[in-house]
Amino acid sequence: KDGISSIDTKGNVVIDYKYDEVGRFKNGLAQVRIGKKYGFVDKEGNEVIPIEYDAVRDFENDYTVARKKSDDNKYYIISKNNEIISCITCDNMGSVENGLVPIRYDEQYVFADIYGNPITDFKYDGFQTFSEGLAAILIDGKWGFINESGDVVIKCIYDEVGDFSEGKVNALYGDRW
């Protein structure tokens, strides 16, 4: 058969050859694509999220973000058992991490819970995903960090920052790292 599949360590086909694209497994599920539509399969090849979305993000813990172009700027947060947790109208939405999702409205970002309730003000020009409980935020060209409660814990004074690893992060201040 033509198409892409997944095999296990013994060479057995576990996902049928009917897909145009199969992503890597993350949190027990893999993105699959047929034509221009996406969904998810489990490790046995069962379609657990129907292939009906125009864009999806990987599952982070128990949730994914999906979008249908026909729904005009509506993004869905969906659970692993295909339950729609919330539907949020916005310009763009990042991945759910630690129960929080970055959302863009009119060129400004806010962090919200999975139900769309903001935990921060609409004041960020950019963001990076959470790592070790902190997310980088950009305000007026400078980076800092917030915690999962939305509190600024490192002021926005850095020109560039990375992700935290083992309690440390690389940060550019002026011309010095």
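This structure is a prediction, so every number in the text was calculated from the model and none was measured.
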Path from Ile49 to Val32 over hydrophobic side-chain contacts below 4.5 Å
no
Grouping I, L, V, M, F, W and Y whenever their side-chain heavy atoms are under 4.5 Å apart, do Tyr173 and Phe164 come out in a common cluster?
yes
Quick one, Ile77 and Met93 - any side-chain contact, counting heavy atoms below 4.5 Å?
yes
Show your working on salt bridge (charged side-chain N to carboxylate O under 4.0 Å, His left out) between Asp54 and Lys37 and close with a plain yes or no.
CA-CA 5 Å; Asp54 296 300; Lys37 299 294 183 181; 2.8 Å; yes
Please name all residues satisfying ring pair (Phe, Tyr, Trp, His ring centres under 6.0 Å) with Phe130, sequence neighbours left out, ordered by chain then number.
Phe111
Please tell me whether Ile78 and Tyr75 are part of a single hydrophobic cluster in this structure, the criterion being side-chain heavy atoms less than 4.5 Å apart.
no
Does Asp125 offer a backbone N or O that forms a donor-acceptor pair with the side chain of Glu107 under 3.5 Å?
no
After noting the C-alpha distance and the side-chain angles of Asn27 and Glu60, does the key distance pass the side chain to side chain donor-acceptor pair (under 3.5 Å) rule?
CA-CA 7 Å; Asn27 293 304; Glu60 297 293 340; 4.7 Å; no
For the ring pair Phe127 and Tyr109, is the centre-to-centre distance below 6.0 Å?
yes
Asn92/Tyr105 under side chain to side chain donor-acceptor pair (under 3.5 Å): CA gap, chis, key distance, verdict:
CA-CA 7 Å; Asn92 198 356; Tyr105 298 94; over 6 Å; no
Check whether NZ of the Lys or CZ of the Arg Lys26 lies under 6.0 Å from the centre of the six-membered ring of Phe59 and within 45 degrees of that ring's axis.
no
Would you say that more than 12 heavy atoms from the other residues, nucleotides or ligands in this model lie under 6.0 Å from the NZ of Lys68, or not?
yes
Is there a path of hydrophobic side-chain contacts, each under 4.5 Å between heavy atoms of I/L/V/M/F/W/Y residues, joining Val41 to Leu29?
no
Passing candidate, side chain to side chain contact (heavy atoms under 4.5 Å, CB included) with Tyr38, options Glu52, Arg33, Arg57
Arg33
Using the rule side chain to side chain contact (heavy atoms under 4.5 Å, CB included), only one of Val101, Ile88, Val96 pairs with Ile114; which is it?
Val96
For the hydrophobic clusters of this structure (ILVMFWY residues joined by side-chain heavy atoms under 4.5 Å, transitively), does one cluster hold both Ile157 and Leu138?
yes
